[in-house]
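Below is one structure, written out as structure tokens, with a few remarks after it.
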Amino acid sequence: MSDIFADLQWRGLIHQTTDDKHLPQFLKGGGRTIYAGFDPTSDSLHVGGLMPLMYLRRLQKAGHRVIALVGGATGMIGDPSGKSEERKLLDEQALQRNVEGISRQMRRFLDFEGPNPALLLNNFDWMREFTYLSFLRDVGKHFPVNVMMAKDSVRSRLERDDVGISYTEFSYMLLQAYDFVHLHQQHGCEVQVGGSDQWGNITAGIDLARRMNGVQLYGITCPLLLTSTGQKMGKTEQGAVWLSAEKTSAYLFYQYWMNVADEDAGRCLRFLTELPHAEIDALDRSRAEAPQRRDSQRRLADELTAMVHGEEGLATAQRATEIFFGGEIGAMNDEQLAEIFADVPSKALPRQRLEGEGLGILDAFCEAGLAGSKGEARRTLQQGGAYVNNRRREGEDTRLTVADLASETVMVLRSGRKKYALLRFQ
RNA sequence: GGGGGGUUUCCCGAGCGGUCAAAGGGGCCAGACUGUAAAUCUGGUGGCUUAGCCUUCGAAGGUUCGAAUCCUUCACCCCCCA
């Protein structure tokens, strides 16, 4: 059995632990029960969720029993950690839908079936039964308010006079702390892992368990997944990068990793892939010597896309990449094109437009929305930026006919380097 | 209440009776270069049935052969004096 703690350490995934001396030994050989929490604010996880998922996956592979805890109850309250504003509360129904979506995604990372199945739990299941009085008596009793006030997540909000913090969010810590206690009681869970911003919540749980039950639990935090410029990873101008294909296509997901900055690539490879150390070292060298090859980014994109979208999703993303970056489009059918150009706007036109003398290329670009006016289309064309099926076309009076279709009904137009639009002729 | 200045094309900003679709910059678009990066360079940047025509310079009227440019009224903004 490999040394899981050493591996985590090598990958830079140990930010802080509650017991540096004991934990490496404690985790050796497997058999421990470990949990991480997931926030159900949406029906899909985004890139940030990859960290805890891969963490649990590594631990499960190392022979530990892992619990993915979906915070149905805590999600209704909102964790103030790292948030600058009071958060909106979710209703029960939305929450349920989100929990279902998220758990579907987890199945790609964690094994819920085999001899050592992961557990998926929702803290709403035990929190809903709690009465206010019993919660105050059993849990609240053990929390000195002065200690709570000292926690970073709370203090940062108290020090600002423009936002403040509600009693509800202030109490969040108690709920998460109790989760840990509950999981220990019911499932023998002894370790909680989370991002470095979770330290306060994790230690609160450890304290609570000691006070309520006199047991010693452990916590491990990992670094947050940040870019070299200090931004959260997974954010683009178009918004978050999601794990669900409906929200972020396999192609865009793939491209996100393909475009990771050189400075961030090494960390991502360590944090998010299971590549062996030797291979990661080799990629580091390749990145230093021949950054233009972008071996690291390609490997990262391959690994993660396969993980999240499966081999099929990866194949689609790769095929789309080939085409989006130059490849001529030939011998395709509608279905393949639809898959590749899933994120590209399209417009349907009657097929008659292609018949007779055909559709003027300027009109085609206007119809497709690639040009706001014929004048603009003309300019693009004159400057050599007009492509049909990835082939540069020239001449204002070019007419497009059935012969210019890329597949049965679709024509792929492009303006400039990579602005695409489809015309569907039905 | 009195006096002065302003409102220009996506943004900033020049224009102060014809040569104004309106300088310059930013942004944006295209091209070259490149690592699907950054920077840089080149060109373009109201519409159309494009040697021409139409619409645009806060709004509406007016003067004039001709107005973004002059006059009147209105709206909004800024400054100064009381």
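Every chain is numbered from 1 and lettered A, B, ... according to where its sequence line falls, protein lines coming before strand lines. Computation of the quantities below employed the complete heavy-atom set of this structure, encompassing side-chain atoms and omitting hydrogens, waters and symmetry-equivalent molecules. None of these values were measured; they are calculated from a predicted model.
Using cut-offs of 30° and 60° for the angle between ring planes, the A:Y218 and A:F26 rings count as tilted. Ring geometry for A:F170 versus A:Y167: interplanar angle of 30 to 60°, hence tilted.
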Might you list the N or O atoms of the protein lying below 3.5 Å from N or O atoms in nucleotides 20-29 of chain B, with each pair's distance?
none

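Atom name C1', nucleotides B:C65 and B:C70: the rounded distance is 16 Å, in whole Å. When the P atom is compared between B:U9 and B:U64, the two are found 30 Å apart, to the nearest whole Å. Taking atom P in both B:A22 and B:U45, the straight-line distance is 10 Å, to the nearest Å. When the P atom is used for both B:A32 and B:A67, the distance is 45 Å, rounded to whole Å. B:G13 sits 30 Å from B:G1 when the P atoms are compared, rounded to a whole Å. The same atom, P, is picked in B:U7 and in B:C16; the two are 13 Å apart, to the nearest Å. Distance check on atom P: B:C80 versus B:G27 gives 34 Å, rounded to whole Å. When the C1' atom is compared between B:A14 and B:G26, the two are found 15 Å apart, to the nearest whole Å.
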Show the numbers, then the answer: is there a side-chain contact (heavy atoms from CB on, under 4.5 Å) between A:M127 and A:D179? CA-CA 9 Å; A:M127 283 302 185; A:D179 284 342; 3.6 Å; yes

Side chain to side chain donor-acceptor pair (under 3.5 Å), that's the test. Do A:Q176 and A:Q192 meet it? Break it down for me. CA-CA 11 Å; A:Q176 188 169 329; A:Q192 178 179 179; 3.1 Å; yes

Test side-chain contact (heavy atoms from CB on, under 4.5 Å) on A:L225 and A:L272; report intermediate values, then the result. CA-CA 10 Å; A:L225 189 57; A:L272 301 175; 4.0 Å; yes

Before giving the answer on ring-ring contact (aromatic ring centres under 6.0 Å, His included), spell out for A:F341 and A:Y251 the whole-Å C-alpha distance, their side-chain angles and the decisive distance to 0.1 Å. CA-CA 9 Å; A:F341 292 98; A:Y251 167 73; 8.6 Å; no

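A 3.5 Å limit on both hydrogen-bonding distances identifies B:U45 as the Watson-Crick or G-U partner of B:G27. With a 3.5 Å ceiling on both atom-pair distances, B:G35 lacks any Watson-Crick or G-U wobble partner. Across the strands present, B:U50 finds no partner; the criterion is a Watson-Crick or G-U wobble pair with both atom distances under 3.5 angstrom. For B:A75, the paired base is B:U7 (Watson-Crick or G-U wobble, both distances below 3.5 Å).
As rounded to whole Å, 11 Å separates atom P of B:A30 from atom NZ of A:K418. Atom CD of A:E394 and atom C1' of B:G31 are 12 Å apart (whole Å). As a whole-Å value, the separation of A:Y420 OH from B:U36 P is 14 Å. In this structure, A:F365 places its CZ atom 12 Å from C1' of B:A30, rounding to the nearest Å. The distance from atom CZ of A:F253 to atom C1' of B:U36 is 17 Å, rounded to the nearest whole Å. Rounding to whole angstrom units, CG of residue A:D262 and P of B:A37 are separated by 12 Å.
Sorted by first then second residue, the side chain to side chain donor-acceptor pair (under 3.5 Å) pairs that include residues 48-59 of chain A, not counting sequence neighbours, are A:R57-A:E274.
For the pair A:Y387 and B:A30, the criterion of a side-chain N or O lying under 4.0 Å from OP1 or OP2 is not met. The side chain of A:R379 places an N or O atom within less than 4.0 Å of a non-bridging phosphate oxygen (OP1 or OP2) of B:G47. At the phosphate of B:U36, neither OP1 nor OP2 sits under 4.0 Å from any side-chain N or O atom of A:T321. Dashed line: the shortest gap from a side-chain N or O of A:K374 to OP1 or OP2 of B:U49 is under 4.0 Å.
A salt bridge is defined here as a Lys NZ or Arg NE, NH1 or NH2 lying under 4.0 Å from an Asp or Glu carboxylate O, and A:R270 with A:D284 meets this definition.
A:Q297 contributes no side-chain N or O that forms a donor-acceptor pair with the base of B:U36 under 3.5 Å.
Nearest-nucleotide positions on RNA chain B for A:S373 and A:R294 put A:R294 closer to the 5' end. Both A:Q382 and A:Q292 lie near RNA chain B, and the one whose nearest nucleotide falls closer to the 5' end is A:Q382.
By the 6.0 Å and 45° rule, A:R107 stacks over the aromatic ring of A:F112.
Nucleic acid contact for A:R392: sugar-phosphate only, since backbone atoms but no base atoms lie under 4.0 Å from a heavy atom of the residue.
Candidate nucleotides B:U49, B:U36, B:A32 were compared by shortest atom distance to the side chain of A:R378, and B:U49 ranks first.
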